[in-house]
Amino acid sequence: MVRTELPRIVRLLVVSDAASVNNAVDRLCESFVEDRYVIRRMSSPVGIGDGSARDSFDAVLLDLRPVLEAGITKAEGVVAAMATQGPVIALTSPLDHATEQSLRRAGATDCLFEEEATPRALRRSIRYVLAAGGAQKRGLPRLFDSATGLATQFLFWEILGLAARRAKRNKDFFALLLVEVGDLPQDGTDAIGDVVMQIAAERVSNVLRGSDTVARFEHHQLAILVESMPRVEDI
């Protein structure tokens with residue numbers, strides 16, 4: 001498993017007027033002193049998206065609970081506007097899967113339920129959005145394999161951590177499968193191996209759902225993550 005430390009300084013925009021959220025952020029700064037958080041706070045997202053500079057923050061913690069009371073369309077607009085400031089972590093009340101996916105399509109990189117707003121969960125989510133949104137800028141490991149376009153091992157471990165959290169929350173199952181392609185010729189194995197893995201990646205991806213993940217591990221290995229299985233028998 002590849003582990004990479006966060007940048008020493010993390011610029012975090014917190015958009016919430018809830019004392020519980022701001023207290024959790026304060027505890028985050030106190031609990032993980034190896035990471036230095038530079039915090040800017042806003043009580044509401046009013047004014048965002050009116051021409052402000054883009055990508056100003058490493059992560060945006062957006063409390064969507066008041067906005068969701070006005071409907072999902074309003075919430076999607078707010079998420080899209082806040083995404084101009086940096087990768088968005090949406091803090092919400094419990095959502096159904098369709099609503100969560102709608103927020104992700106609008107620009108939310110991650111979603112946290114209100115009871116998950118603990119210092120440890122916040123740090124884990126910030127690590128994820130940094131990997132998903134800022135890897136290339138900050139010299140973190142590559143997120144996608146150049147030959148196949150699949151997730152790399154680094155990104156796969158981050159996705160797996162989130163999948164485990166979702167499975168626990170939704171009380172369902174996920175499955176892992178490691179596929180290794182063998183019997184490749186010894187001569188020119190790198191070039192031929194890339195072509196073979198491209199074909200394998202395409203065939204595997206075509207039979208999976210959009211919510212499932214395929215990654216390239218070692219040179220001739222594919223890792224497959226299948227989520228949201230209600231029963232073990234469904235796997």
Side-chain angles (χ1 to χ4, degrees), residues 12-18 20-21 24-25 28 42 44-45 48-49 57-135 143-144 151 155-176 205 208-215 224-231 234-235:
L12 177 64
L13 173 61
V14 180
V15 185
S16 177
D17 62 357
S20 59
V21 174
V25 172
L28 167 71
M42 298 175 59
S44 75
I48 294 296
F57 299 90
D58 297 301
V60 178
L61 178 60
L62 172 62
D63 189 352
L64 266 183
R65 293 173 296 176
V67 183
L68 281 168
E69 295 176 359
I72 184 60
T73 301
K74 174 70 172 177
E76 290 172 343
V78 170
V79 168
M82 294 306 304
T84 66
Q85 304 302 298
V88 172
I89 302 168
L91 179 63
T92 74
S93 51
L95 302 174
D96 57 42
H97 181 70
T99 302
E100 181 175 343
Q101 290 301 109
S102 180
L103 294 177
R104 289 180 181 276
R105 286 193 296 270
T109 305
D110 194 16
C111 293
L112 287 178
F113 288 176
E114 50 194 336
E115 64 269 19
E116 296 176 318
T118 65
R120 188 171 297 278
L122 287 175
R123 183 173 187 262
R124 183 169 58 239
S125 186
I126 290 169
R127 288 177 67 89
Y128 171 69
V129 300
L130 282 173
L143 298 183
F144 298 97
L155 179 56
F156 184 82
W157 286 119
E158 297 291 334
I159 294 172
L160 179 59
L162 292 172
R165 192 178 74 200
R166 281 192 292 267
K168 181 178 180 180
R169 184 175 68 197
N170 298 330
K171 295 182 173 58
D172 58 16
F173 300 91
F174 63 88
L176 293 174
S205 298
L208 295 177
R209 302 163 303 172
S211 59
D212 301 325
T213 302
V214 186
I224 302 170
L225 170 63
V226 181
E227 296 191 60
S228 300
M229 296 287 101
R231 306 172 305 165
D234 295 325
I235 294 173

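Considering all non-hydrogen atoms of both residues, Pro230 and Asp172 come closest at CA-CB, 4.2 Å. Of all non-hydrogen atoms in Gly107 and Ala83, the two that sit nearest each other are O-CB, 4.1 Å. Annotation for Ala108 and Ala90: closest pair CB-CB, 4.3 Å, computed over non-hydrogen atoms. When all heavy atoms of Phe174 and Ala167 are compared, the closest pair comes out as CD2-CB, 3.7 Å. Heavy-atom minimum distance, Ile89 versus Ala59: CD1-CB, 4.5 Å. Of all non-hydrogen atoms in Ala18 and Arg65, the two that sit nearest each other are CB-NH2, 3.7 Å.
Between Val78 and Val15 there is no side-chain heavy-atom pair separated by less than 4.5 Å. Residues Ile224 and Asp212 fail the side-chain proximity criterion, which asks for heavy atoms closer than 4.5 Å. Considering only heavy atoms from C-beta on, Leu112 stays 4.5 Å or farther from Arg124 through its side chain. With a 4.5 Å cut-off on side-chain heavy atoms, Phe113 and Thr92 count as touching. Counting heavy atoms from C-beta on, the side chains of Ile72 and Leu103 come closer than 4.5 Å.
Here the options are Leu64, Val67, Val60, the test is side chain to side chain contact (heavy atoms under 4.5 Å, CB included), and the partner is Val79; only Leu64 passes.
Annotation: salt bridge (Lys or Arg N to Asp or Glu O under 4.0 Å) contacts of Glu100 (sequence neighbours excluded): Arg104, Arg169. For Arg105, the side chain to side chain donor-acceptor pair (under 3.5 Å) test picks out no residue, with sequence neighbours left out. Residues satisfying the side chain to side chain donor-acceptor pair (under 3.5 Å) test with Thr118, not counting sequence neighbours, are none.
The structure places CG of Leu28 at 5.0 Å from CD1 of Ile126, a figure rounded to the nearest 0.5 Å. Considering CZ of Phe156 and CG of Leu225, their distance stands at 5.0 Å, rounded to 0.5 Å. Atom NZ of Lys168 is separated from atom CZ of Arg165 by 11.0 Å, given to the nearest 0.5 angstrom.
A side-chain donor-acceptor contact under 3.5 Å links Thr84 to the backbone of Ala81. A donor-acceptor distance shorter than 3.5 angstrom exists from the side chain of Arg209 to the backbone of Glu227, with no hydrogens or angles considered.
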